[in-house]
Amino acid sequence: MKSAVETLDPTKVKLTVEVDYDELKPSIDHAYKHIAEQVNIPGFRKGKVPPRIIDQRVGWGAVVEHAVNDALGGFYGQAAAEQKLRPLAQPAVEVTEIPAKAGEGQLKFTAEVEVRPEIELPELSDLEIVLESTEVTDTDVSERLDALRERFGTLVGVDRPAVEGDYIVIDLKAVIGDEEVDSVSGISYQIGSGNMLEGLDEALTGLSAGETTTFKADLAGGEHEGQEADVTVTATSVKQRDLPEADDDFAQLASEFDTLDELSADLREQVASIKKSNQAVTARDQLLEKLLAAVEIPVPQGAVEAEVHRHLESEERLEDDTHRAEVTVDATNALKNQILLDTLAEKLSVKVGQGELVEYLVQASRQYGMEPQQFIQTLDQGGQIPAMVGEVARSKALAVALRKIEVKDGEGNVVDLSEFIGSDDADAAAEAIENAVAEAAEAEGTEAPVEETEEA
């Protein structure tokens with residue numbers, strides 16, 4: 001098989017492939033066999049019809065068409081691998097020549113496909129990442145303690161106008177023109193939460209039990225999403241949350257500690273741990289932002305359009321032009337990130353270990369509410385495991401890149417993120433262990449086991 005590549009633009013190539021008859025012959029033989037099992041020809045049993053009879057009765061064209069359809073995907077994949085292409089979408093294939101008759105000729109086809117563009121990444125050592133300090137203040141501890149007190153607070157009815165933070169039981173009705181389009185009653189809402197209609201917090205502030213007010217708002221969901229409606233809301237009751245006193249009795253109620261001082265010390269450690277974890281997340285985000293800002297990434301529009309169509313089709317919103325524009329922006333940014341991180345992973349020679357993949361899949365299975373083994377089998381049957389390996393590699397690429405950058409806080413102190421981003425030595429040790437296990441399994445003639453541990 002011969003192949004050649006022509007670059008059409010930074011994100012698209014044209015692959016030309018020539019396949020000799022001998023290479024196509026296994027598919028032609030399979031085509032004869034399959035057709036022989038399908039046709040009824042007097043004097044021959046099904047599956048026993050000779051090729052020359054099939055050529056006479058069915059025609060060479062049907063045979064070669066069957067063979068080409070059967071083999072085309074494999075030849076394309078082989079050629080793409082030989083040319084080291086990184087396809088991002090399905091190819092547009094055109095068959096330009098087929099064998100004219102049995103025993104001679106060749107298959108020629110072209111495939112235009114969008115590919116991952118070549119981009120030049122900046123030197124990682126030249127990048128600077130500065131993080132906020134993880135110093136824990138008394139205010140941090142007080143906020144954490146207040147949040148814990150909130151969990152043990154009680155709602156008490158009050159005879160006064162509502163203020164931010166109060167809980168109100170409301171009846172609500174939305175009208176567009178003369179049509180009532182939505183209504184709810186007896187639901188509890190906390191002023192300031194902002195998780196219902198825009199303008200609801202302002203409308204409820206100052207409202208006492210039994211009072212009604214109206215305001216205009218864009219509906220956030222349903223058949224009339226985005227349309228402006230006249231909203232009438234009635235407060236049936238106003239309650240405030242009374243918090244327990246922060247003392248030793250509360251410490252014993254809310255925790256395993258006997259005193260408030262012990263509880264406060266534990267909360268301080270929790271805040272420190274959260275801030276340290278947030279530092280790692282912020283460092284990753286900053287690195288991604290800096291890399292994106294430093295590189296011009298051409299985006300394959302066909303791949304974006306395919307993803308947008310898939311997304312809108314799943315939501316049955318193909319005719320929603322406003323939503324299409326939003327999804328297009330999201331899909332474009334997501335593809336840019338993918339191209340960047342795939343390039344980074346390749347540059348850093350990132351390898352995904354079996355343990356890392358299993359850990360990722362176990363965590364993902366929990367998000368879908370499935371047993372890990374069932375989740376992994378479902379992905380495997382759908383051919384999605386390579387995509388999962390790619391996801392792990394992209395995430396790991398940022399971690400490996402951060403190891404090569406001196407990360408500092410605002411005061412110039414070097415920040416140690418090894419707890420979250422690992423180390424090259426740890427990766428090397430893990431790879432050595434996996435290689436040893438694989439070699440031992442190969443020597444015994446078995447596959448290396450994949451264990452789902454409680455820890456993973």
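Reckoned from all heavy atoms, side chains included, excluding hydrogens, waters and symmetry mates. In this chain, residues are counted from 1 in sequence order.
Using a distance-only test at 3.5 Å, with no hydrogens or angles considered, a donor-acceptor pair links the side chain of Lys275 to the main chain of Glu135. Here the side chain of Glu434 pairs a donor or acceptor atom with the backbone of Gly355 at under 3.5 angstrom. Proximity of a side-chain donor or acceptor of Thr332 to a complementary backbone N or O of Thr328 within less than 3.5 Å is detected. Judged by distance alone, with hydrogens and angles left aside, the side-chain atoms of Asp201 form no donor-acceptor pair with the main-chain N or O of Ile191 at under 3.5 Å.
Ring pair Tyr189/Tyr167: centre-to-centre distance not below 6.0 Å.
No donor-acceptor contact under 3.5 angstrom links the side chains of Asp425 and Ser423, judged on distance only. A donor and an acceptor atom, one from each side chain of Gln83 and Ser3, are located under 3.5 Å apart. No side-chain donor-acceptor contact under 3.5 Å links Glu307 and His311. With hydrogens and angles left out, the side-chain atoms of Ser264 and Asp261 include no donor and acceptor closer than 3.5 Å.
Rounding to the nearest 0.5 Å places CG of Leu88 at 5.5 Å from CD1 of Ile339.
Counting all heavy atoms, side chain and backbone alike, Phe420 lies closest to Arg284 at O-NH2, 3.7 Å.
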Give the table of side-chain donor-acceptor pairs shorter than 3.5 Å for residues 285-298, with sequence neighbours excluded, one pair per line with atom names and distance.
residue	atom	partner	partner atom	Å
Gln286	NE2	Val130	O	2.9
Lys290	NZ	Glu128	O	3.3

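Between Glu346 and Arg86 there is a salt bridge, with a side-chain nitrogen of the basic residue lying less than 4.0 Å from a carboxylate oxygen of the acidic one. The pair Glu419-Lys276 does not count as a salt bridge, with every side-chain nitrogen at least 4.0 angstrom from each carboxylate oxygen. We find that Lys84 and Glu82 are not joined by a salt bridge, their nearest charged nitrogen and carboxylate oxygen being 4.0 Å or further apart. With respect to Lys2 and Asp20, no salt bridge is recorded, no charged nitrogen being found less than 4.0 Å from a carboxylate O.
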